[in-house]
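So the structure is just underneath, and the comments pick up after that.
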Amino acid sequence: MLESRTISDAEWQIMRIVWTQSPVTSTTIIKALEGVTGWMPTTVKTLLSRLVNKGILEFEAKGRTFYYAPLLTEVQCIQEEMKNMIEKVYGGTLNYETTHFRFKGHQDEPYVKKLANALESKFTQITDDLQQSLDEALLVYTHASQSRLHSALGLLDGPKWLRAGYLWGILHMAPQTCFDDLSAEDAAVHTFTQLIIQKINPMTPYWLQQAVAAYESQWLTKERIINAVSELVAHKSQSKTHAFIQMQVMSDAFLSFKELKGYEMGYTVTEFIVVTYGMDKLAAFIRLPHDFESVFGLEEREFWDKWRVFLIKNYQ
């Protein structure tokens, strides 16, 4: 049975040598640490044995000599350490658990079950559509207040409409009382989709994350999208041109995205891709968001021109 993969300070010193000189003998490691730590050979061998038991090192015996090599990269070990720290910060009682989600934080059983049902009902669709699986159950943390949510997301004075978010691989939710114009269940599904996209490609543009999340969660009504498009037309005499509409969609400004009707316009882009090219192309676009020619066989301007035709046909 493997021990916990938490690496002690002493074990980190061993690992730095193994990563540098792999495969390496215990004798080489002992000599390298001799003048630094003053450890006895038995201490080094004990540490090596622990790292093997944790599944971090492997060894091969050649005669009476043991050669050690890493099973995990340095990045993987750092990620494991971060995961352990996050578990400590967001520890506490497990309030509820489903096949793919674990719920901690503020205890509100009816609320948590609503979120769980919504997330599980969409889980397979979203992971299949975006062609991305999860290695383990996702932590959903329900906060006691919206200000606590904002603090957890790194905001001292977040906007009132920000009631869900993701950070450190955790889905963060404000209390149910904060949701009026949008259901907490839809917000949870929207944010879960963003988290999946972040796992696929951390460099996916903000507008595309939001666009795909709005499409997958289906919280926007057609009437709202039509009104948003009409409003843009009313406030800009040349709003039907490719340049202006593209500017609305491409905005990555976090605080202005909502005001620019980014959700509505982004939704239409996702819908256009799915209807015209298929879900596989959407999954490919998330992975290669700037390579229009490779994904769609079009130059970028041709893509936006075709989308503009789709937008006018369906929403004006």
Side-chain angles (χ1 to χ4, degrees), residues 1-8 11-12 15 50-58 70-109 111-143 148-149 152-154 164-174 184-204 209 212-213 216-217 279 282-283 286-287:
M1 182 177 178
L2 294 179
E3 298 177 9
S4 164
R5 283 189 171 181
T6 300
I7 302 176
S8 68
E11 290 165 350
W12 273 109
M15 289 306 301
R50 287 179 183 171
L51 288 165
V52 169
N53 288 336
K54 291 177 181 181
I56 298 170
L57 287 183
E58 64 178 350
L71 289 170
L72 299 177
T73 66
E74 187 168 356
V75 168
Q76 287 174 314
C77 287
I78 292 171
Q79 289 173 336
E80 190 73 21
E81 291 290 299
M82 290 179 66
K83 178 182 171 184
N84 291 334
M85 177 57 70
I86 290 165
E87 282 292 334
K88 289 180 182 178
V89 174
Y90 293 100
T93 304
L94 182 65
N95 297 330
Y96 193 66
E97 187 172 16
T98 63
T99 304
H100 300 106
F101 300 92
R102 297 181 300 125
F103 292 81
K104 291 186 177 183
H106 183 63
Q107 294 187 3
D108 184 341
E109 186 176 348
Y111 178 43
V112 166
K113 287 186 175 180
K114 280 184 181 180
L115 296 177
N117 290 337
L119 288 165
E120 282 292 352
S121 69
K122 286 282 193 174
F123 180 87
T124 301
Q125 175 194 311
I126 293 169
T127 53
D128 285 354
D129 284 351
L130 306 187
Q131 301 173 15
Q132 177 69 26
S133 61
L134 285 180
D135 297 329
E136 57 188 2
L138 182 73
L139 177 60
V140 182
Y141 198 89
T142 53
H143 292 270
R148 286 287 299 276
L149 166 78
L153 296 177
Y166 65 92
L167 193 63
W168 309 118
I170 298 171
L171 200 162
H172 296 265
M173 296 295 300
E185 297 95 304
D186 285 342
V189 173
H190 181 106
T191 308
F192 170 64
T193 306
Q194 287 181 268
L195 194 151
I196 292 293
I197 294 170
Q198 181 71 12
K199 286 183 177 293
I200 295 171
N201 178 12
M203 301 306 292
T204 302
Q209 288 184 39
V212 176
E216 288 287 349
S217 56
M279 190 60 73
L282 178 63
I286 290 168
R287 291 160 172 81

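Each residue takes its place number in the sequence, starting with 1. Source: prediction; values computed, not measured.
When all heavy atoms of T6 and K54 are compared, the closest pair comes out as O-NZ, 2.6 Å. For the residue pair L94 and E97, the shortest heavy atom distance occurs at CD2-OE1, 3.4 Å. L130 approaches I200 most closely through the heavy-atom pair O-CD1, 3.5 Å. Between L138 and L134, the shortest heavy-atom contact is CB-CD1, 4.4 Å. Residues L149 and A174 come closest through the heavy atom pair CD2-CB, 3.7 Å.
Other residues, nucleotides and ligands contribute only 12 or fewer heavy atoms inside 6.0 Å of the CE atom of M85. Shown here is W168, whose CH2 atom has no more than 12 heavy atoms of other residues, nucleotides or ligands within 6.0 Å.
E81 contributes a side-chain N or O that, together with a main-chain N or O of I7, makes up a donor-acceptor pair within less than 3.5 Å. Remark: side-chain polar atoms of T142 are not paired, donor with acceptor, to backbone N or O of G105 under 3.5 angstrom. N95 places no side-chain N or O within donor-acceptor distance of the main-chain N or O of D108, the cut-off being under 3.5 Å. For the pair T191 (side chain) and A188 (backbone), a donor-acceptor distance under 3.5 Å is absent. Q194 places no side-chain N or O within 3.5 Å of a backbone atom of A213 that could act as its donor or acceptor partner.
With sequence neighbours excluded, the residues forming a ring-ring contact (aromatic ring centres under 6.0 Å, His included) with H143 are Y141, H172, listed by chain and number. R148 is linked by a side chain to side chain donor-acceptor pair (under 3.5 Å) to nothing, counting only residues two or more places apart in sequence or in another chain.
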Quiz prompt | Q76 and E80: CA distance, side-chain angles, deciding distance, side chain to side chain contact (heavy atoms under 4.5 Å, CB included) verdict | solution = CA-CA 6 Å; Q76 287 174 314; E80 190 73 21; over 6 Å; no
Quiz prompt | side chain to side chain contact (heavy atoms under 4.5 Å, CB included) assessment of F192 paired with H100 | solution = CA-CA 12 Å; F192 170 64; H100 300 106; over 6 Å; no
Exercise. Test side chain to side chain contact (heavy atoms under 4.5 Å, CB included) on Y90 and K104 and set out the steps.
Key: CA-CA 8 Å; Y90 293 100; K104 291 186 177 183; 5.7 Å; no
Quiz prompt | R50/I56 under side chain to side chain contact (heavy atoms under 4.5 Å, CB included): CA gap, chis, key distance, verdict | solution = CA-CA 9 Å; R50 287 179 183 171; I56 298 170; over 6 Å; no
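Between E185 atom CD and K122 atom NZ the span is 12.5 Å, to the nearest 0.5 Å. Atom CD of Q132 sits about 10.5 Å away from atom CD1 of I197, to the nearest 0.5 Å. Annotation: the span from D129 atom CG to I196 atom CD1 amounts to 11.5 Å, rounded to 0.5 Å. To the nearest 0.5 Å, atom NE2 of residue H190 and atom OH of residue Y166 are 9.5 Å apart. A distance of 6.5 Å separates CG in L171 from CG in L119, rounded to the nearest 0.5 Å. The distance from atom SG of C77 to atom CG of L71, rounded to the nearest 0.5 Å, is 9.5 Å.
Residues E109 and Y96 have side chains not in contact (no heavy-atom distance under 4.5 Å, counting atoms from C-beta outward). Side-chain contact between M173 and Y111: present, with at least one pair of heavy atoms (C-beta onward) separated by less than 4.5 Å. Contact annotation: the side chain of Q125 approaches that of E216 to within less than 4.5 Å [non-hydrogen atoms, C-beta and beyond].
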